[in-house]
Amino acid sequence: MNRTSKNKLERREFLARAGKAGLSIAAAGTISYLLYDTTVPRNKVSKSVSLPDFSVEPIKGQAISVIKGSNRVESVNKAIKLIGGIERFVRPGETVVIKPNIAFASPSALGATSSPKLIAEIVRLCYEGKAKRVYVTDNPINDPASCFRLSGIGEAASGAGAKIILPKEKYFSNTTLMGGKLIDNWPVFFEPLAKADKLIGVAVVKDHHRSKASMTMKNWYGLLGGRRNIFHQDINTIIAELAILMKPTLVVLDGTEVMKSNGPTGGSITDLKRENTMIVSCDMVAADSYGCGLLGLKPKDLPYLGKAEKAGAGTTDYHRLKPIFDTAG
Amino acid sequence: MRIITVRRISQVFFFTMFVWFCVVSTVGDNFWQLRGWPVNWFLQLDPLVAIGTILTTHALYAGLLWALTTVILTIICGRFFCGWVCPFGTLHQFTGFLANHKKSAAEKIRLNRYRKAQCIKYFVLIFFLGMAAFPSIATSLQIGLLDPISLVTRSVNLVILPVIDSAFNITSVSSRFYQGAWLILAIFFTTIFSNLVIPRFYCRFICPLGAMFGIIDRFAIWRIGKIRSECNNCKQCEQSCEGGCEPAGNIRISECILCFNCRDNCKDELIAYQTQASLNGEVTNPDISRRGLMLSLASGIFVVPAVRLGNKLGGNWHHKIIRPPGAMAEEEFLGRCIKCGQCMRACPTNVIQPGGIESGLENLWTPVLNNRIGSSGCQLNCVACGQVCPTSAIRPIKLAEKLGTGDFADRGPVRLGTAFLDRNRCLPWAMDKPCIVCQENCPVSPKAIYTREVFNTVRDGKLTVKKTVDKTIETVETIMAEKFATGDYYCIVDGNKRSRITANNENTIEVSENFAKKPIKDSIIEIQVCLQRPYVDIEKCIGCGICEHECPVSGKRAIRVSGEGETRSTNRTLLLKN
């Protein structure tokens, strides 16, 4: 080829290359312009959720029932029946979340965790009330899979038709209690609650060296995430704040076999004492105020009861609620 | 069907089985969890594990009897294990295939030629066996470092599976962690990627198990060989020779891994698997010199007492080496542990971790408890680790023995160590803040952590009375509202007994009981915090580490388990009597 067409070729190649170079520069410039930011970065704040109110309309004289009996299944059935029956609490088609005490990888006979038979029965009752779905969940202290397995609750709940939700990191969202001191942008196990229409807490009456007793209010500790053990420095405030934060449909306080010593982990049959008492309540402060008597305590011995009452979460004077006393079995 | 197709099916089958066994090593009842699956089968089939432990313990332990099957079949058939069973070998062969299958025949023949360096694996084998063989000097089982089944089990259990599962959370609800996994990964990837340089690099140059097979297959009834001594020397048989054993010339029986690629490639069908020796001649002995053998053996014998000059088995033992429950005493333990990682994989709380070299080289990848990792310290009602240990470095103890109940009640529980309180870091001891999460979570009954109550006057806790009305004192000084209202604070004033503060505002303090003697103006109140201070009862503490795991002082924990008092060591006891 002759010189001019060769020049034309070189020039064309050069122009093509220059064009591509220009486009690359333009791209680099545009991206820089779009991403440019002079503000100093701040630590990420996770998204916040607010916990729903799962409670039902209060009915005078149907707030709390106390059943004496040695058979948990019969006791809980009677207790719920006497304050309106399951149909008062669970509507057909609803999703119910049951939150038992599954804190420790401890065999159920040692009484550190909720009775699997009791949980299975409550699941069954919810399905009897035509619930669409029942979930059983907790964020245990020990290894979660081991806790659900060793306590027998995993098998009992699944056998009754409930679905187990084990805690995973992505299931936690931050929440803040309005007016609270401790629950301020703190992770809670929100995933099961997001799906729920009704929430039932099921606790055991247990001795606890730090808080003196562990019952329905302390049971909600199992929905906290993060390094929640930091709250032991102000244990009464955190329990009271949990009672204000959580608005369950119902709480069941199992005082059939009470852990009188070495709580909350126990570890020996000798730590347990048969009290054959089942308490079902719409007011968790009242339930705990009655339940502490099974440990030989009075409500004024438990500072968190007074704090919760002062904040309006319930009443320590359970007599005012006209509790229904009865026996079963 | 071509023989190499059968061989490929076999490799895929055993590889899949191996991966399945790694996946199911999770404690649980589902079919894809531990119950019943023989998850140690590959380790038990491995004769290097058997012979290593025979040398160190003078016994062939339980399931390791499977290794006899492998030995007998190898003596009869040759190195079938390498070519047809070994999952690590399959991985190497596959990588080599991916790297090289598009290359020219000449290139492949060059890659798969015999190299003198293939003798190195025999020296590796003798070195390790030398380390294990002479108890009168000192024995240590270190074959786990390079044994292929231990290596691949460890790599899959502690690196590959946790990384994949952190995305899907199938074998574990939350992500698993293994400290020092980077080194295991680096070695694993190095062995895999070395196949890009020379195919089956690890198998040909490093694998001590392959070396052992190479030594015992000399009497093999059937062997690969040519049916005629003359051929046209096209060398196509050596194109895909996996063992690098020169089938075209004097075939090296000790290097042949029975891949049958030579038989498949030979267009003249001159190669067979036959009882007659190759008509072109064969070499049965590995290509190692006596001098090399002696040197490897002597080094192996010498290195164990040399490494033990650090006195880590004696007075200089490392207090942070907490072994799983049921572990043998340390010297015996080091003679049994093959560093396979099964215990770490099976542990439901993820507390068992691969050890580092802080307490000596022998500690590398042996199981050590790190109570800060995982979901709970050593769970009380669990004996999973001992159940999966293939060599009984961790004995398969029953729960009764671990807890010291039933038949074991007079012996007491198995202790892993003892928890020591760090009073300089503990909240109620050093910071005037109530806590006792450790006591709360101590799983034994009665608890091994107990408390003694003290009342400390708080900082700036002396206040002056302005006036008293019933249960409320008005103070001169201003205080932070609600600061003393947590239920843990008390006030002492003027001849009255201590009473709990129920509320306070900026200038008032309210107590729970009426004053016996009403505090007058200008008298001094002392605000005290009630502290339950934890103490460890070393007669009850089993060193499970749950307290350390739960301690809210989450960096350097205010209560930490240390090896003193572990039941497996008689010279580390703290107690006078169990």
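Hydrogens, waters and symmetry mates are skipped; everything else that's a heavy atom, side chains included, is used. Below, chain A is the first sequence line, B the second, and so on; all start at residue 1.
- Cation-pi contact between A:Lys195 and A:Tyr135: present, with separation from the ring centre below 6.0 Å and deviation from the ring axis of at most 45°.
- Contacts between B:Glu550 and chain A at a heavy-atom distance below 4.5 Å involve backbone atoms as well as side-chain atoms.
- With a threshold of 4.5 angstrom between heavy atoms, A:Ile141 approaches chain B through its backbone and through its side chain.
- Using a 4.5 Å cut-off between heavy atoms, B:Val27 contacts chain A through both its backbone and its side chain.
- Chosen from A:Leu166, A:Asp234, A:Leu110, A:Thr237, the residue pairing most often with chain B at heavy-atom distances under 4.5 Å is A:Asp234.
- Contacts of A:Lys310 with chain B are made by side-chain atoms alone, with heavy-atom separations under 4.5 Å and no backbone atom involved.
- For A:Lys170, no part lies under 4.5 angstrom from a heavy atom of chain B.
- For chain A, the nearby part of B:Lys433 is the side chain; its heavy atoms alone come within less than 4.5 Å.
- In terms of heavy-atom pairs under 4.5 angstrom with chain B, the leader among A:Ile230, A:Ile235, A:Thr270, A:Asn142 is A:Asn142.
- In this structure, chain A has no heavy atom under 4.5 Å from any part of B:Ser174.
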>> Before you tell me yes or no, could you show the steps for A:Lys307 and A:Glu309 under salt bridge (charged side-chain N to carboxylate O under 4.0 Å, His left out), namely the whole-Å CA-CA distance, both residues' side-chain angles and the distance that decides it to 0.1 Å?
In response: CA-CA 5 Å; A:Lys307 282 177 186 292; A:Glu309 181 175 42; over 6 Å; no

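- Interface remark: B:Val173 contributes backbone and side-chain atoms alike to the contact with chain A (heavy atom separation under 4.5 Å).
- No donor-acceptor pair under 3.5 Å is formed between the side chain of A:Asp301 and the backbone N or O of A:Leu297.
- When atom types are taken as modelled, the side chain of B:Trp429 and the backbone of B:Pro534 share a donor-acceptor pair closer than 3.5 angstrom.
- Contact of B:Glu440 with chain A is made through backbone and side chain together, with heavy-atom distances under 4.5 Å.
- In terms of non-hydrogen atom pairs under 4.5 Å with chain B, the most contact-rich of A:His209, A:Arg228, A:Lys181, A:Glu169 is A:His209.
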